[in-house]
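All values below come from the heavy atoms of this structure, side chains included, with hydrogens, waters and symmetry mates left out.
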Amino acid sequence: MAAKSVGREAGDVTLVAVSKQQPDARILPILAAGQGVFGENRVQEAMERWGRLGRDGLELRLIGPLQTNKAEEAVALFDVIETLDRERLAEALAKVMQKTGRTPRLYVQVNTGEEEQKAGVAPREADGFIATVRDRYGLTIEGLMCIPPADEPPAAHFALLGDIAARNGIARLSMGMSADFETAVRCGATSVRVGSALFGDR
Ligand SMILES: *Cc1c(COP(=O)(O)O)cnc(C)c1O
């Protein structure tokens, strides 16, 4: 609906259902309704949940910070890793991907608000970082991801992410959560990550 209202087709925007910290009882009906893409922010929690519920035919996305010592488990479980944000992680992922032949799609996380407590590369370092992971580690970057500061209007952050993507030849933008997904879709999101609006408060 958000897509239609801004002149985009619903199929242009992927709904990533953020299942982190939700009980199975809330996830099962959404699975039964045919939702096929889920977002998780912790490797361990995701392994437990989707080992239990079964993940055949589903697309699982990691949307939380990834430690290099979890790279192997993350590559084994996730179809998309949205939080590539430092060279050591690029190196670790490239190594595991080469070794296992599994190639999850990768997004670079950009800390558009340059917040101390948030992961992601600073906007002014994004071009250099993207070039490095492409050239030095041979990784393909499918998209960019951001989480705007909670206390600022998000549109400027979404626009900034779009600018960085455009000048780096990147077509996909993961942006927008429960509180701001409509704005994100208006700003060109190709996927939105919605948790509480779908499942209820955590
Ligand atoms: C938890 C989380 C979401 C979903 O947040 P809601 O406000 O519940 O929609 C989206 N993106 C990331 C990175 C998250 O950690």
Should F78 and I147 be counted in the same cluster of Ile, Leu, Val, Met, Phe, Trp and Tyr side chains packed under 4.5 Å apart? no

Where A122 and E114 come nearest, the two heavy atoms and their spacing: CB-OE1, 4.2 Å

Rounded distance (nearest 0.5 Å) linking atom CG of L106 with atom CD1 of I130: 12.0 Å

Answer yes if V194 and F199 sit in the same cluster of Ile, Leu, Val, Met, Phe, Trp and Tyr residues linked by side chain heavy atoms under 4.5 Å apart, and no otherwise. yes

Counting neighbours of CG on D135 that are heavy atoms of other residues, nucleotides or ligands and sit closer than 6.0 Å, is the number greater than 12? yes

Let me confirm one number: the CG-CG distance from L144 to L161, rounded to the nearest 0.5 Å. 5.0 Å

Test your reading of the model: is there a side-chain donor-acceptor pair from R202 to the backbone of Q21, 3.5 Å cut-off? no

Is the shortest side-chain N to carboxylate O distance from R61 to E59 below 4.0 Å? yes

With sequence neighbours excluded, give me every side-chain hydrogen bond (donor to acceptor under 3.5 Å, both in side chains) pair touching residues 157-180. E82-S174, T112-H157, D127-R167, D127-N168, E152-H157, S174-R193, S178-S196

Restricting to non-hydrogen atoms, name the atom on T190 and the atom on A171 that form the minimum distance, rounded to 0.1 Å. CG2-O, 3.8 Å

Between D24 and R52, does any side-chain N to carboxylate O distance fall below 4.0 Å? yes

Taking only residues two or more places apart in sequence or in another chain, which ones pass ring-ring contact (aromatic ring centres under 6.0 Å, His included) with F38? W50

Carboxylate-amine/guanidinium proximity below 4.0 Å for R136 and E91: no

Within the supplied structure, the quantity of interest is the number of heavy atoms (other residues, nucleotides, ligands) at a distance under 6.0 Å from E116 CD; does it exceed 12? no

Q109 backbone acceptor or donor facing T83 side chain under 3.5 Å: no

More than 12 non-hydrogen atoms from neighbouring residues, nucleotides or ligands closer than 6.0 Å to CZ on R42, yes or no? no

Would you mind checking if E45 and R49 are paired as a salt bridge, meaning a charged N to carboxylate O distance below 4.0 Å? yes

So V192 and M177, do their side chains get closer than 4.5 Å, heavy atoms only? no

Would you say N111's side chain and V121's backbone share a donor-acceptor pair under 3.5 angstrom? no

In terms of hydrophobic clusters joined by side-chain contacts under 4.5 Å, are F129 and L160 together? yes

Under 4.5 Å between any side-chain heavy atoms of L15 and V37, yes or no? no

Linking I/L/V/M/F/W/Y whenever their side-chain heavy atoms sit closer than 4.5 Å, directly or via other members, would I63 and V43 fall into one cluster? no

Using only heavy-atom distances, determine whether the side chains of E40 and S19 contain a donor-acceptor pair under 3.5 Å. yes

Does the pair T183 and R186 meet the rule for a side chain to side chain contact (heavy atoms under 4.5 Å, CB included), with working shown? CA-CA 5 Å; T183 305; R186 209 179 316 120; 4.2 Å; yes

Does some side-chain heavy atom of L62 sit less than 4.5 Å from a side-chain heavy atom of N41? no

Dump the intermediate steps for side chain to side chain contact (heavy atoms under 4.5 Å, CB included) on D79 and R102, then the final yes or no. CA-CA 9 Å; D79 303 288; R102 264 190 66 86; 4.3 Å; yes

Any side-chain heavy-atom pair of Y137 and E87 under 4.5 Å: yes

Determine, for D85 against K118, whether the closest basic-nitrogen to carboxylate-oxygen distance falls under 4.0 angstrom. no

Heavy atoms of A71 and L93 approach each other most closely as CB-CD2, 4.1 Å

Would I81 and Y107 count as a side chain to side chain contact (heavy atoms under 4.5 Å, CB included) here? Give the steps. CA-CA 6 Å; I81 294 173; Y107 283 55; over 6 Å; no

With a 4.5 Å heavy-atom cut-off, do R86 and T68 have their side chains touching? yes

Within a strict 4.5 Å, meaning less than it, do heavy atoms of the L58 and L31 side chains meet? yes

Side chains of L77 and E73, heavy atoms from C-beta outward: is any pair under 4.5 Å? no

Spatial distance of atom CZ (R26) from atom CG (L198) [nearest 0.5 Å]: 11.0 Å

Find the distance between OG1 (T100) and NZ (K95) and round it off to the nearest 0.5 Å. 13.0 Å

Is it true that V16 and L53 fall in one hydrophobic cluster, defined by side-chain heavy atoms closer than 4.5 Å? no

If we only count heavy atoms from C-beta on, is the I141 to V133 side-chain gap below 4.5 Å? yes

